[in-house]
Asks: 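Supplied in structure tokens, the structure appears directly below.
First the proteins, then the strands, lettered A, B, ... as listed; each starts at 1.
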Amino acid sequence: MTDRFDPARADASWQARWAEADSFRADSASSKPKSYVLEMFPYPSGRIHMGHVRNYTMGDVLARYRRMQGFEVLHPMGWDAFGMPAENAAMEKKVHPGAWTRQNIAAMREQLKRIGFAIDWSRELATCEPDYYGHEQALFLDLMEAGLVFRKESEVNWDPVDMTVLANEQVIDGKGWRSGATVERKKLSQWFLKITDFAEELLDGLGTLDQWPDKVRLMQENWIGKSRGLQFRFRLASPEGANDSIEVFTTRPDTIFGASFVALSPGHPMAEALAARDPEVAAFIAKARLGGTTAAEIETAEKLGHDTGLEVIHPLDPERRLPVWIANFVLMDYGTGALFGVPAHDVRDFEFATKYRLPVRRVVAETAARADDPVVEAETGDGIAVNSSFLDGMASAEASAEVIKRAETAGWGTGKTQYRLRDWGVSRQRYWGTPIPIIHCDACGPVGVPRDQLPVVLPEDVSFDLPGNPLDRHDGWRLVDCPKCGGQARRETDTLDTFVDSSWYFIRFASQPKDQPFDRAEAEAWLPVGQYIGGVEHAILHLLYARFWTRALERIGKIGLKEPFKGLFTQGMVTHETYQSLDGRWLSPDEVEIGEGGAPIERATGSGAISGRTEKMSKSKKNTVDPEPILDRYGADAVRWFMLSDSPPERDLEWSIGGIGGAARFVQRVWRMVMAAPVEDGDDAALTRKLHRTIAAVGEAIDGLQFNKAVAALYELTSAIEKATPSGARGDAIDALLLLAAPMAPHLAEEAWAARGKKGMIVDAAWPTHDPALLIDDEVTLAIQVNGKLRDTLTAPRGLAREAAEALALGSAKVQAQLAGATPRKVIVVADRLVNIVA
RNA sequence: GCGGACGUGGCGGAACGGUAGACGCUACCGACUUAAAAUCGGUUUUCCGAAAGGAAGUGCGGGUUCAACUCCCGCCGUCCGCACCA
């Protein structure tokens with residue numbers, strides 16, 4: 001034994017001991033209560049970064065804590081292994097995406113193991129392996145049979161040079177991120193999942209997720225975007241071809257008398273029909289479709305319109321005619337792709353009407369008396385209906401209900417609920433993804449691959465020399481017989497969105513039979529995930545898709561589970577300072593030194609540098625810190641401890657070398673204390689009380705995922721033990737400290753536990769319990785206030801009677817000095833806490 | 001534009017409506033040492049004061065209360081999400 005804790009030796013040796021003992025295997029058949037702790041699985045980019053370390057450390061503390069509390073814990077790890085970076089690497093480095101990915105997985109697995117996470121590695125999975133994605137294909141077919149999968153034409157961003165489809169974030173200023181070519185919109189026939197069928201229950205379900213952050217629930221609620229309103233048809237004054245009406249949706253039926261135009265989306269079928277025979281319309285539509293989809297562009301985009309010359313009849317005032325325009329601000333995929341404009345009460349309509357000199361008619365006012373106030377800007381709030389015939393005088397909500405009622409009675413419209421949520425397009429024109437298990441036959445149409453032919457395995461012999469999806473040109477794989485008619489047919493070459501892969505991996509972790517995606521009973525034994533931990537960037541898509549997928553499986557009877565994640569925690573990012581040289585190059589913090597007067601200087605050139613904001617670690621800003629050298633230097637426990645200290649876990653954690661140093665110091669401090677602990681007998685009531693308070697505080701903090709508070713409580717206990725004189729109680733406190741610290745600094749805890757001659761490993765030890773009686777002191781400190789200001793603090797026996805406390809307080813010289821002879825008017829006594837004398 | 005969160009020392013942050021600044025970092029002083037590292041003890045919200053002590057203080061302005069970082073109203077600022085959603 002040395003006087004220094006040696007993490008390099010201890011980390012490896014205890015990790016080996018845990019592996020040998022198979023300490024973290026989750027036994028589905030265990031009779032113990034179960035606890036499922038899960039962190040969002042990583043994409044195998046090749047290196048672990050600090051964000052991973054923080055995320056998995058939090059989950060690990062919880063998993064180890066639950067285990068010590070007597071739970072059978074499932075804490076698995078896997079790889080979200082499909083996706084574009086592997087294809088990019090294939091193109092750049094001429095390696096196969098699979099080889100690249102598997103190599104990355106191997107490297108990252110070793111890195112994770114060095115941090116000593118309590119993971120059941122026997123359940124490890126990678127979504128890019130057929131034994132995972134094959135089951136996903138089966139589930140896809142199940143959903144298809146249940147009518148939850150459909151095919152539809154949809155627009156994609158098409159890069160004509162790379163001949164590939166781009167995600168929105170790959171389109172930069174209207175150009176492909178890699179080729180720089182101007183991106184085109186192209187219509188492709190693609191597969192969709194009917195998530196909109198679940199809009200209402202996904203929304204309702206949010207109400208049951210009381211262990212989710214409010215913020216995430218709100219974001220999902222807004223994303224689903226439910227709104228109630230009226231859908232109805234405007235009859236055309238003179239029929240236009242086959243169409244004699246235009247269907248619109250509104251959330252403000254009460255403003256219907258304020259309508260001054262009808263606007264069609266440039267993608268609306270009627271607009272397209274008009275364009276087919278009128279070049280002017282066609283030209284306008286082409287113009288309207290230009291322009292980017294970025295937020296900034298939309299913000300500044302000018303409203304453009306084209307008058308079609310058509311007119312519709314107002315449903316409540318047959319004398320009134322409204323002009324029909326085509327307008328660039330009308331979205332095709334919300335509502336009906338057409339709307340009626342009420343300039344007085346809608347910001348966009350107002351802008352449009354002002355530009356094209358369309359009438360602005362007030363139909364809502366604060367009071368009936370202000371019915372004819374001029375409208376200087378769009379007034380979007382509720383009020384009283386005015387200038388609206390039979391609606392006049394009604395409040396907005398009442399007026400809306402009245403219009404819907406009349407529409408339904410007269411048969412020209414119906415009350416309707418609209419959702420912003422759109423169906424989930426899952427087709428990706430990519431190689432490195434789950435093949436969609438469909439065969440296209442000219443005679444039979446799209447046919448599901450028969451179950452006994454699953455998995456549809458990705459062919460290995462592909463090349464990325466040519467642009468486009470290599471599956472499209474791999475005839476050996478692509479050309480197959482139709483399973484129905486036996487005729488010549490082709491495999492679907494699109495692969496599934498990787499969000500599908502991550503929509504059920506938590507079920508596969510819980511149960512992984514060979515012959516089916518999961519065993520229902522076994523999966524249900526573990527699920528829902530008790531605590532799910534990950535970044536807030538997944539607040540909407542991943543978490544919504546996973547909720548949908550689970551509900552879809554529930555609907556088709558595969559699992560008895562509506563919500564996959566009972567508790568959700570979104571942790572903050574790991575940030576670091578940033579620097580830039582004067583000419584704008586990003587500098588890593590190592591390349592900068594702080595000169596006299598605190599001004600940053602670039603080491604290499606000696607010239608000044610600019611310190612920027614502290615931001616999320618990212619390669620582009622060169623402010624990353626690689627965990628590996630830090631682990632080498634300080635050991636796993638110091639890194640883990642630092643990740644949990646200081647910042648509340650939901651907030652960003654600023655990386656600092658001082659912080660990690662402090663954590664390493666604490667590890668050594670505990671070790672020294674253990675090494676130097678003399679064996680003595682005897683009590684130490686004060687220390688015992690401190691210990692029991694700490695046990696309660698740490699447990700409460702970990703339960704609430706407030707790791708920074710648990711850390712602070714352990715620092716306090718450590719100081720108290722150091723200051724205490726040797727006694728039996730002190731020895732007990734050291735033992736308990738090790739148990740309490742074990743989830744956070746497990747290697748140190750094991751090493752110290754062994755050094756203190758304890759039997760067995762600390763991972764198998766029970767979490768200490770506290771005696772509630774010891775949380776209460778016999779003596780309390782009373783705060784003595786005069787007029788609400790603290791003037792004195794006095795020690796008093798606990799449970800001191802009101803009168804006695806009052807007398808005690810009045811006896812204080814400081815109080816008497818403050819009162820200066822005045823008689824107290826009133827005395828407030830809060831038992832065992834304070835006395836407030838009001839003079 | 002809409003929605004949400006946050007604002008406390010030099011810094012990260014604590015604080016059931018009841019002693020603001022726990023705990024950590026930094027800095028400084030001291031001890032040990034030939035020396036350094038490591039370690040240990042101490043100080044560290046501001047102002048006045050030698051001290052005892054006093055005054056002010058949780059973004060700003062009001063309010064409720066015996067008592068407000070905490071609750072309410074109005075500003076200011078920062079960050080996040082959504083975004084032409086009818």
Asks: Does the structure place the NZ or CZ of A:Lys226 under 6.0 Å from the centre of the six-membered ring of A:Tyr419, at an angle of no more than 45° from the ring's axis?
Replies: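 Relative to the ring axis of A:Tyr419, which defines the angle, A:Lys226 lies outside at least one limit.
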Asks: Would you classify A:Ile828 as touching base, sugar-phosphate or nothing, given that sugar-phosphate means primed atoms plus P, OP1 and OP2, and contacts are heavy atoms under 4.0 Å?
Replies: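 Contact class for A:Ile828: base.
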Asks: May I ask you to evaluate whether A:Asn708 reaches the phosphate of B:rA14, defined as a side-chain N or O under 4.0 Å from OP1 or OP2?
Replies: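 True: A:Asn708 side-chain N/O within range (under 4.0 Å) of B:rA14 OP1/OP2.
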Asks: Write down the partner of B:rG24 under the Watson-Crick or G-U wobble criteria, each distance required to be under 3.5 Å.
Replies: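 Base partner found: B:rC11.
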Asks: Atom CG of A:Leu714 to atom P of B:rG24: distance rounded to whole Å?
Replies: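 Computing the A:Leu714:CG to B:rG24:P distance gives 12 Å.
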Asks: Please state the C1' separation for the pair B:rU26 and B:rG13 - nearest whole angstrom.
Replies: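 That atom pair is separated by 14 Å.
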Asks: Using a 4.0 Å heavy-atom cut-off across all strands, classify A:Gly225 as base, sugar-phosphate, or nothing.
Replies: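 The answer is nothing, as A:Gly225 stays clear of every strand by at least 4.0 Å.
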Asks: What does A:Val827 touch in the nucleic acid at a heavy-atom separation under 4.0 angstrom: a base, only the sugar-phosphate, or nothing?
Replies: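 No contact.
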Asks: Using the glycosidic torsion, which applies to B:rG59: syn (within 90° of 0) or anti (everything else)?
Replies: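 Anti conformation for B:rG59.
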Asks: For B:rC2, which nucleotide is its Watson-Crick or G-U wobble mate, given both distances must be under 3.5 Å?
Replies: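 Check on B:rC2: paired to B:rG81, both distances under 3.5 Å.
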Asks: Using a heavy-atom cut-off of 4.0 Å across all strands, would you classify A:Asp349 as base, sugar-phosphate, or nothing?
Replies: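 Nothing, no nucleic acid heavy atom in range.
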Asks: Looking at B:rA83, I'd like to know if its phosphate oxygens (OP1 or OP2) sit under 4.0 Å from a side-chain N or O belonging to A:Arg420.
Replies: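 So the side chain of A:Arg420 is within the cut-off, an N or O lying under 4.0 Å from OP1 or OP2 of B:rA83.
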Asks: Return no unless some side-chain N or O of A:Arg791 is found under 4.0 Å from OP1 or OP2 of B:rG53.
Replies: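 Indeed not, no polar side-chain atom of A:Arg791 lies that close.
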Asks: Check whether the ring centres of A:Phe352 and A:Phe350 lie less than 6.0 Å apart, and answer yes or no.
Replies: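 No, ring centres 6.0 Å or more apart.
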Asks: Before we go on, tell me: are the rings of A:Tyr356 and A:Trp325 under 6.0 Å apart, centre to centre?
Replies: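 Under 6.0 Å, so yes.
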Asks: I'd like the C1' distance from B:rU45 over to B:rG9, given in whole Å.
Replies: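 It works out to 5 Å between them.
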Asks: Examine B:rG24: is either OP1 or OP2 under 4.0 Å from a nitrogen or oxygen in the side chain of A:Tyr715? Give yes or no.
Replies: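 No, because none of the side-chain N or O atoms of A:Tyr715 sits under 4.0 Å from OP1 or OP2 of B:rG24.
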Asks: Is the A:His314 to A:Phe257 ring centre distance short of 6.0 Å?
Replies: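 Between A:Phe257 and A:His314, which both carry aromatic rings, the centre distance is below 6.0 Å.
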Asks: My understanding is that a pair needs two contacts under 3.5 Å, Watson-Crick or G-U wobble. By that rule, which nucleotide pairs with B:rC69?
Replies: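 Base-paired to nothing in any strand shown.
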Asks: Charged N to carboxylate O under 4.0 angstrom, A:Arg54 versus A:Asp652?
Replies: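 A salt bridge is absent here (no side-chain N lies under 4.0 Å from a carboxylate O).
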Asks: Mind checking the P distance from B:rU44 to B:rA22? Whole angstroms is fine.
Replies: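 Here B:rU44 and B:rA22 have their P atoms 10 Å from each other.
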Asks: Which part of the nucleic acid does A:Thr793 contact within heavy-atom distance under 4.0 Å: base, sugar-phosphate only, or nothing?
Replies: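 Base, at least one base heavy atom under 4.0 Å.
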Asks: Quote, to the nearest angstrom, the C1' distance that separates B:rG7 from B:rC69.
Replies: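 The answer is 11 Å between these two C1' atoms.
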Asks: Regarding A:Arg672, tell me which of base, sugar-phosphate or nothing describes its non-hydrogen contacts under 4.0 Å with the strands shown.
Replies: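 It contacts sugar-phosphate atoms only.
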Asks: Please determine if a side-chain N or O atom of A:Arg348 lies less than 4.0 Å away from the OP1 or OP2 oxygen of B:rC85.
Replies: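 It does, given that an N or O in the side chain of A:Arg348 lies less than 4.0 Å from OP1 or OP2 of B:rC85.
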Asks: Answer with base, sugar-phosphate or nothing: what part of the nucleic acid does A:Gln785 contact at a heavy-atom distance below 4.0 Å?
Replies: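 Since a base atom lies under 4.0 Å of A:Gln785, the category is base.
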Asks: Write down the partner of B:rC75 under the Watson-Crick or G-U wobble criteria, each distance required to be under 3.5 Å.
Replies: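 Across any shown strand, B:rC75 pairs with B:rG59.
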Asks: So does A:Arg665 get a side-chain nitrogen or oxygen closer than 4.0 Å to the phosphate oxygens (OP1/OP2) of B:rA38?
Replies: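 For B:rA38, neither OP1 nor OP2 has a side-chain N or O of A:Arg665 closer than 4.0 Å.
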Asks: State the pairing partner of B:rG41; accept Watson-Crick or G-U wobble contacts with both distances under 3.5 Å, and report none otherwise.
Replies: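 B:rC29 is the nucleotide pairing with B:rG41.
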Asks: Just checking A:Thr781: base, sugar-phosphate only, or nothing, at a heavy-atom cut-off of under 4.0 Å?
Replies: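 The residue A:Thr781 makes base contact.
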Asks: Looking at B:rC16, which nucleotide sits across from it as a Watson-Crick or G-U wobble partner, both distances under 3.5 angstrom, or is there none?
Replies: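 Result: none.
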Asks: Using the benzene-type ring in the case of Trp, are the ring centres of A:Phe666 and A:Tyr715 under 6.0 Å apart?
Replies: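 So the answer is yes for these two rings.
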Asks: If the cut-off is 4.0 Å, is A:Arg833 near the phosphate of B:rA15, judged by side-chain N/O to OP1 or OP2?
Replies: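 For B:rA15, neither OP1 nor OP2 has a side-chain N or O of A:Arg833 closer than 4.0 Å.
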Asks: If you look at every strand shown and take non-hydrogen atoms under 4.0 Å, does A:Val838 touch a base, only sugar-phosphate, or nothing?
Replies: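 Sugar-phosphate only.
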Asks: What contact category does A:Asp346 fall into here, base, sugar-phosphate, or nothing, at under 4.0 angstrom with non-hydrogen atoms?
Replies: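 It contacts nothing in the nucleic acid.
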Asks: Between A:Glu577, A:His576, A:Glu615, which is the residue that forms a side-chain hydrogen bond (donor to acceptor under 3.5 Å, both in side chains) with A:Lys621?
Replies: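 That would be A:Glu615.
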